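Here the structure comes first, spelled out in structure tokens, and everything after it is commentary.
No experiment lies behind these values; they were computed from the predicted model shown. So you know, we letter chains A, B, ... as the sequences are listed, proteins then strands, and number each from 1.
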Amino acid sequence: MIDLFDVWKVALLLLVVILVGLYLAMTAGRLDRLHVRYDAAITSLELQFALRAEAVAETVAEGAIDPVSAGLLSRALAARRTEGPIQVGAESELSALLREVVEANDGVVGPPDVQQALRSACNRVAFAHAFLEEAVDTALEMRHRPLVKRLGLAGHTAYPRHIRCDVAAPVFAD
Amino acid sequence: MRIGIVCPYDWDAPGGVQVHVRDQVREFTRLGHEVQVLAPSDGEEGKPAWFTSGGPARSVSYNGSVARLAFGIGPTRRVREWIRAHDFDVLHVHEPLAPSLSLLAVWSATGPIVGTFHSSMERSRVLSAGNAIAQTVLEKLRGRIAVSEAARRTFAEHVGGTFVVIPNGVDIEAFAGTDALPGHPRPNSLLFLGRMLEPRKGLAVLLAALPEIAAAVPDVTILLAGPGDQDAVIADVAPEHRERIEFLGFVDAERKAATLRSATLYVAPNTGGESFGIILTEAMAAGAPIVASDLPAFESVLDGDAGAMFRNEDPHDLARVVIQLLRDPGEREALVRRGHERVQAFDWQRVAQDILDVYDSVITGETGVREDLRGQLVGRFARFLEV
């Protein structure tokens, strides 16, 4: 004989289970979305570093800057591998060197189209990096929640990592 | 590049965001990109081919003010159709947290999405960050743009996260080189431009300063350009000063440049709620010397010295600055010159290039913008209703 009280208890239990399940599914969905964004951001930063190296190579090839600047830039380009993960050291050095070279050449490093290409390339690196750090922050905040950790909601996905890198763009003349 | 732009506010009504989107379309098209715009509107009749209506805007009373927004099953469906029909490389939504089309678009799409945050001050028009839906929207944006340092600060505090600052652009050529309105400029005239009865536009501050200015400069006049009840404005002015006021009526985009050139000084006495101050860039482009309140947004547009500033909401300080400038033509010329230099930073050509760089920095190459159906009951439901 089933008591009416028991029916209510079972219904309540069922409701709680459904709500918890929904919450977990939503959280897992969010984690997935955040990881997708992180992956895209990393890919994008890698791409922008590669494109910046190309723009620097073009600037050097144009020959409008002094030979020492050209030499230093070529050396910095040679120091970065074209394959594999982002090399924070080499990219940071290139960023710093670019700022010095542009300043030393009074903000002009080539004809308008080459200069604009380099300016855009440097901007894009800075933007991609800012957006990546943002994506990492949000994803890590989620990953560090006790419930997410305890229940392993993120599966075996690696923790997103900050890329601590100097990406500040040079100041070009107009 | 194929670019989809979403504007959350009624396309048929005037507004800063709408103007910004129109300019954006013009610049990107000029650079050879394919642009499509989705915005709330009563229809597509007489509209350009790049425009798609997301459905009519509805009036919603929201935190005490009335906003015109598009939402509901119809607009949701149109947003999804629009995203499916145009194979965008990047989706750019304006004011992503406004409860309208922008939010629906972010909700319905996946891929490279960029959001521009405009008016941080008008909280009444955006969802709060604590809202679960706002959270989802923010998480889907791959890049965030703030239109000013002031907007960036407020939004960083309000919703958190990293923003790149790209100012609103101004079409310098269109504003430079126009003539003043017929019969203008007259000596010692001050111009006010904007909705006259909206308190935050600060007309009351200027009118309060008038007696003091008139005592020092007897032939001073004030030109009022903008919508608002003239009788209500005049009622607040002491009878002996009423003849100093001239109403120019509503000023459309074409007459704006001419109007800005029609006075000795352009006065922007706004008391708050400005996140950018596009009007100041227009005044600089038109070559008008500016007197503005010292709002953070205005300070950053004027960069310290491209306009004269007075203490916000202080009629005495406003009178002091205005009197000084009316007596000093050399300083007025210097302001115009510095304004001309400063406004180059807001040149649309440069701004457009910066925005395109943001697009490039979120595009990863393999996939463009797709409809997002994952884990979204609302999305599936909307899709189901279409079939």
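- With values rounded to the nearest 0.5 angstrom, B:E139 atom CD is found 9.5 Å from A:E134 atom CD.
- Atoms OG1 and CG, on B:T162 and A:D137 in that order, are 6.0 Å from each other to the nearest 0.5 Å.
- Here CZ of A:F127 is found 9.5 Å from CD1 of B:I355. Values are rounded to the nearest 0.5 Å.
- A:E103 CD: 12 or fewer foreign heavy atoms inside a 6.0 Å radius.
- Atom CD of A:E46 and atom OG1 of B:T364 lie 11.0 Å apart (nearest 0.5 Å).
- If you tally non-hydrogen atom pairs under 4.5 Å between each of A:Q116, A:R30, A:Q48, A:H129 and chain B, the highest count goes to A:R30.
- The side-chain heavy atoms of A:F131 and B:L141, taken from C-beta on, include no pair separated by under 4.5 Å.
- Proximity to chain A is limited to the side chain of B:R350, based on heavy atoms less than 4.5 angstrom apart.
- The local environment of NE2 in B:H33 is crowded, with over 12 non-hydrogen atoms from other residues, nucleotides or ligands closer than 6.0 Å.
- In this structure, A:R145 places its CZ atom where more than 12 heavy-atom neighbours from other residues, nucleotides or ligands lie under 6.0 Å away.
- To the nearest 0.5 Å, atoms CZ (A:R37) and CZ (B:R142) are separated by 9.5 Å.
- Around atom CD of A:E141, more than 12 heavy atoms belonging to other residues, nucleotides or ligands sit under 6.0 Å away.
- Here the OG-CG distance, from B:S361 to A:L132, works out to 11.0 Å after rounding to the nearest 0.5 Å.
- Most heavy-atom pairs under 4.5 Å with chain A, from the set B:I363, B:D360, B:V164, B:D354: that is B:D360.
- By the 6.0 Å contact criterion, CD on A:E58 is open, its count of non-hydrogen atoms from other residues, nucleotides or ligands being 12 or less.
- Sparse packing is recorded around CZ of A:R161, with 12 or fewer heavy atoms of other residues, nucleotides or ligands lying under 6.0 Å away.
- In this structure, a donor-acceptor pair under 3.5 Å is present between the side chains of A:S120 and B:Q353.
- Of the two parts of A:A135, neither the backbone nor the side chain holds a non-hydrogen atom closer than 4.5 Å to a non-hydrogen atom of chain B.
- For CZ of B:R26, the number of neighbouring non-hydrogen atoms (other residues, nucleotides, ligands) closer than 6.0 Å is greater than 12.
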